[in-house]
Each structure stands twice: as C-alpha cells, then as structure tokens.
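Keep in mind it's a predicted model, so treat the numbers as computed, not measured. We name chains A, B, ... by the order of the sequence lines, and we start the count at 1 in each one. For the numbers below, each heavy atom of this structure counts, side chains included, while hydrogens, waters and symmetry mates do not.
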Protein chains: 2
Amino acid sequence: MPIIFDMVGGIISDATVARLPVYLRSLADLPAAQETCSSDQLAGIAGVNSAQVRKDLSHLGSHGTRGVGYNVAELKAQLRKALGLNKGYSVVLIGAGNLGTALANYGGFHDWGFEVAAVLDSDRKKVGRAVGPLKVEELSALESAVRSRGISIGVIATPTEAAQDVADRLTRAGIRSILNFAPAVLQVPEGVEVRRVDLSTELQILTYHISSKADASS
Amino acid sequence: MPIIFDMVGGIISDATVARLPVYLRSLADLPAAQETCSSDQLAGIAGVNSAQVRKDLSHLGSHGTRGVGYNVAELKAQLRKALGLNKGYSVVLIGAGNLGTALANYGGFHDWGFEVAAVLDSDRKKVGRAVGPLKVEELSALESAVRSRGISIGVIATPTEAAQDVADRLTRAGIRSILNFAPAVLQVPEGVEVRRVDLSTELQILTYHISSKADASS
DNA sequence: TAGATTGTTAATCGATTAACAATC
DNA sequence: TAGATTGTTAATCGATTAACAATC
C-alpha cells in the first residue's frame with residue numbers, strides 16, 4: 001500500500017486521496033454566490049460523513065474557520081494544489097478505437113490541465129487519421145514521444161490482448177502513471193501506479209446487487 | 001453501507017464484491033490447459049493477497065480442494081453466478097456524444113450478457129442517428145423504453161449539467177442501478193445504486209501521486 | 001505417506017465516525 | 001454573548017492478513 005507523506009509530515013491514505021477530487025467536484029455544485037461552506041454541506045453533496053470531510057481536509061493543512069466553515073475559493077485552491085493540478089500534464093493515449101477517440105476528444109481533460117500530446121495505435125490503418133488536433137501515430141513512436149514531449153501519464157485504450165505489451169512499453173519509456181481502460185489486470189514494476197477503469201467490472205458490480213436483491217426478496 | 005446477504009447467510013462486503021470481477025477476469029489470463037488454480041496463483045494475477053482470495057471465494061460457497069486448488073471452470077461458473085451474470089441485462093444509454101457512442105459500440109458489453117437496448121439523447125440533432133444497430137431516440141422516450149424493453153440499468157454519458165436530471169428521470173422510471181460517466185456527484189433516493197466512473201477523478205488521483213513523489217524527492 | 005493448499009480463526013491494521021473542547 | 005462549526009481525539013467498526021489445523 002503506497003503511503004505518501006503530506007505537507008504536515010503525516011500521511012494521506014489512498015481512500016482520502018480518492019475523495020479529494022470528489023470534494024473539488026462537489027464545490028462546483030455550490031451556488032456561485034456562496035463564499036463559505038461547512039463540512040456538513042460539503043458532506044451532503046459529496047455523499048460522505050461530515051467528520052470525514054473535516055478529517056480529510058485537515059490533511060491538506062487546510063484552515064477552515066470555526067463557527068463559519070471553509071472559504072470556498074481557498075478550499076478549491078488548496079485541493080487543486082494538493083492534487084498537483086497547478087502543473088500541466090501531458091498524456092499519451094494508446095489505442096485510437098472508439099473509446100480512445102472519445103477520450104482524446106473529451107473536453108474535461110483540459111479543464112484540469114491535462115493535454116493529450118500523442119495518440120498512438122499499432123494498427124497501420126489508423127495511423128495518420130485525425131483525432132481532434134492530433135494525428136494518430138505508430139505505436140513505435142511511443143518512447144520518443146514520451147521523452148520529447150514531456151509526457152508523464154499513459155492512457156491505455158487498446159483491446160485487452162494488447163494492454164500488457166503497451167504497459168511494458170510505457171514503463172520502459174519511463175512512465176510511472178497509467179490509466180488503464182482495457183479489461184486487463186496489468187503487471188507492472190514496483191513504483192508504477194496503475195488505475196484500472198473497467199466498464200464490465202462496474203456493470204458486474206451493479207448486477208451483483210441486482211441479482212442479490214432479487215434473491216433476497218424471493 | 002449496503003450489506004447484502006450471501007448464499008450462506010453471511011454478508012459480502014462491497015470490497016469483496018468489487019474484487020469478484022477482477023478474479024473472473026484474472027482467470028481468463030491462465031493458460032487454457034490449466035484446469036486447477038491455487039489461491040496463490042490467482043492472487044498473483046489479480047494483485048491481491050492470497051488469504052484474501054480464499055476469504056473472498058469462501059463467500060461464494062465455492063469449494064476448492066485442499067492440496068489442489070480451485071477448479072478453474074467451476075470457479076468461473078461460480079463467480080458468474082454470484083455476480084448475477086447468468087441472466088441478461090438490458091441497458092439504456094443516455095447521451096450519444098463521443099463517449100456514449102463509444103460505449104454503445106463497445107463489444108465487451110455483450111461478452112457478459114449486457115445489451116444496449118436504447119440510446120437516448122436530448123439533442124434533437126442527434127435523434128435518428130445510427131449508433132451500432134440502434135437509432136438514437138428522444139430523451140422523452142426514456143420511461144416507455146425502460147418499461148417496454150425490460151431495462152434494468154441506466155448508463156449516463158451526458159455532459160455534467162444534464163446528469164442529475166437524467167438520474168432523476170431514470171429513478172422515476174424505476175431504474176435502481178446507474179453507471180454514471182458524467183463528472184457529477186448524483187443525488188439519488190435510497191435503494192438506488194450509483195457507480196461513478198470519472199476520467200478526471202482518476203487522472204487527479206494519478207497526479208496527486210506524481211506531485212507528492214516530486215515533493216518528497218526535492 | 002509427504003507435500004500442498006484450502007478454509008477459517010484470531011490478530012493486526014487501518015478507516016470511519018461520534019463526540020466534544022476549542023474558538024470564530 | 002450565544003450559536004455555529006472546526007479540528008482532533010478516542011471509540012468503533014470493518015477489512016486485511018498471518019498462521020495453522022484440516023484434509024486432499
């Protein structure tokens with residue numbers, strides 16, 4: 001389990017880190033005029049316990065005001081800073097199929113300072129095709145693209161069979177952060193972080209609950 | 001926290017349920033000839049502790065054989081059954097943009113018995129457009145589609161602003177399981193399960209680690 | 001039998017949350 | 001001041017895992 005030292009010298013757990021983007025997102029749902037926000041209100045929007053909000057935010061060295069709450073603008077800035085969103089990040093996207101194309105065109109990327117700097121595909125037929133402002137490149141261009149364009153994040157949107165090979169290439173090129181949309185469980189060296197986003201896993205978790213509710217009521 | 005009774009009358013935690021699809025997926029990575037699989041091997045592929053594998057599988061009423069391991073085919077069948085994958089599920093997809101189209105065309109759906117039975121969009125310009133074997137329909141067709149086509153799962157692939165309204169419509173139509181790709185935190189009534197899949201959240205978790213590693217080494 | 005591996009217990013570990021003193 | 005809300009402690013709760021008897 002990765003343990004990261006925060007600014008105060010303590011630790012921020014994975015669970016807390018995973019909630020920070022949700023808080024940031026939740027703050028956007030507040031009325032624009034609202035300058036201050038209580039842990040209770042934020043908890044309501046984010047769907048968590050208010051003590052948890054306060055505890056999570058205390059890791060940021062965030063300073064709310066007792067009796068008042070958190071300054072919304074300040075809190076947003078602190079969350080952005082904690083998440084490292086003050087820098088820009090270049091992303092390489094591998095796989096220019098349906099999903100890859102959708103991801104490359106996804107506007108939400110830019111809002112948080114992410115830029116798709118390269119789209120690669122091993123399929124010769126896709127190479128050269130336009131994807132947003134980019135052209136699909138050969139997969140063999142991966143290493144040079146990563147190095148020359150300062151890419152720090154790899155997004156895998158290939159078929160399952162290709163995912164492990166792509167992950168290997170990414171780690172060999174020095175990438176330490178991978179977002180994997182292929183329904184594969186990747187093996188990567190120590191120090192490389194993989195986040196797996198899998199549509200079928202999510203659907204299967206839903207169906208588990210559907211079918212166990214049906215069982216319970218029969 | 002939703003607590004579900006399993007076949008043995010005990011409970012299966014959310015964490016365990018979330019690992020079941022990963023085990024199922026991991027079994028596919030075994031050599032085709034391999035008939036039996038130990039918890040240790042499965043743990044290696046799935047990236048978890050072997051005691052956890054055994055504990056998780058024990059909830060299924062699964063019966064491995066001491067000294068031998070788990071019968072692969074049998075275990076697959078048990079996982080599928082536990083996840084409710086023996087039934088088919090009809091899915092309504094709302095939002096026929098880049099992501100929605102990619103999801104509708106995603107082949108992995110079918111592999112697990114999911115069928116996209118309707119694609120809806122509130123944008124008149126998209127209505128009528130072909131998406132795979134379907135035609136995009138008006139959002140107002142939601143309720144009748146859900147009822148007449150036996151739809152039990154809603155997938156939201158709309159812009160953020162529209163997501164809450166769509167969630168409201170889905171729950172009003174009787175949907176109890178929602179997969180939400182919009183970067184919104186949805187408010188839904190008790191008993192409705194929402195799973196949120198958010199690209200920017202995932203990327204932000206990655207950047208947290210990138211930037212905190214950079215801090216630690218400076 | 002000896003070796004392997006499960007199923008399960010008990011210990012550990014970590015995460016959540018209630019509660020409340022501090023304080024705006 | 002009185003009311004509100006934070007920051008933090010301590011209690012609870014739950015999840016992970018080491019360990020090992022059971023047993024193939």
Could I get the full list of salt bridge (charged side-chain N to carboxylate O under 4.0 Å, His left out) partners for [X], not counting sequence neighbours?
X        : result
B/Arg54  : none
B/Asp111 : none
B/Arg19  : B/Asp56
B/Glu143 : B/Arg147

What's the [atom1]-[atom2] distance between [X] and [N], to the nearest Å?
X       : N      : atom1 : atom2 : answer
B/Leu57 : D/dT17 : CG    : C1'   : 15 Å
B/Asp40 : C/dG3  : CG    : C1'   : 15 Å
B/Asp56 : D/dG14 : CG    : P     : 17 Å
B/Gln41 : C/dT5  : CD    : P     : 10 Å
B/Gln52 : C/dA10 : CD    : C1'   : 17 Å
B/His59 : C/dT6  : NE2   : C1'   : 15 Å
A/His63 : D/dT5  : NE2   : C1'   : 16 Å
B/Leu60 : C/dG7  : CG    : P     : 10 Å

**Report entry** Dot-bracket encoding per residue of DNA chain D, Watson-Crick/G-U cut-off under 3.5 Å, | denoting interstrand
**Finding:** ..||||||||||||||||||||||
Query raised in the report: Under 4.0 Å: is that the gap between some side-chain N or O of A/Tyr70 and OP1 or OP2 of D/dG7?
Result: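 It does, given that an N or O in the side chain of A/Tyr70 lies less than 4.0 Å from OP1 or OP2 of D/dG7.
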Query raised in the report: What distance separates A/His63 NE2 from A/Glu74 CD, expressed to the nearest 0.5 Å?
Result: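 Separation between the atoms: 9.5 Å.
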**Report entry** Nucleotide-resolved protein contact map, nucleotides 18-24 of chain D, B/S/- at heavy-atom distance under 4.0 Å
**Finding:** BB-BBBB
**Report entry** Pairs satisfying ring-ring contact (aromatic ring centres under 6.0 Å, His included), at least one member in residues 82-101 of chain B, at least two apart
**Finding:**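 Residue pairs with at least one partner in residues 82-101 of chain B: B/Tyr89-B/Phe114.
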Query raised in the report: Which pairs count as ring-ring contact (aromatic ring centres under 6.0 Å, His included) when at least one residue sits in residues 150-186 of chain A, sequence neighbours excluded?
Result: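 Qualifying pairs: none.
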Requested in this report: Give the minimum heavy-atom separation between A/Tyr208 and B/Ala82, together with the two atoms involved.
Outcome: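 It is CD1-O, 3.1 Å.
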Query raised in the report: Which pairs, with at least one residue in residues 23-37 of chain B and sequence neighbours excluded, count as a salt bridge (charged side-chain N to carboxylate O under 4.0 Å, His left out)?
Result: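 Salt bridge (charged side-chain N to carboxylate O under 4.0 Å, His left out) check on residues 23-37 of chain B returns B/Arg25-B/Asp29.
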Query raised in the report: Which of these nucleotides, D/dT8, D/dT16, C/dG7, is closest to any side-chain atom of A/Lys55?
Result: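 Closest nucleotide to the A/Lys55 side chain: D/dT8.
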Report task. Answer with base, sugar-phosphate or nothing: what part of the nucleic acid does A/Ser39 contact at a heavy-atom distance below 4.0 Å? Result ->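 The answer is sugar-phosphate, as A/Ser39 gets under 4.0 Å only of primed atoms, P, OP1 or OP2.
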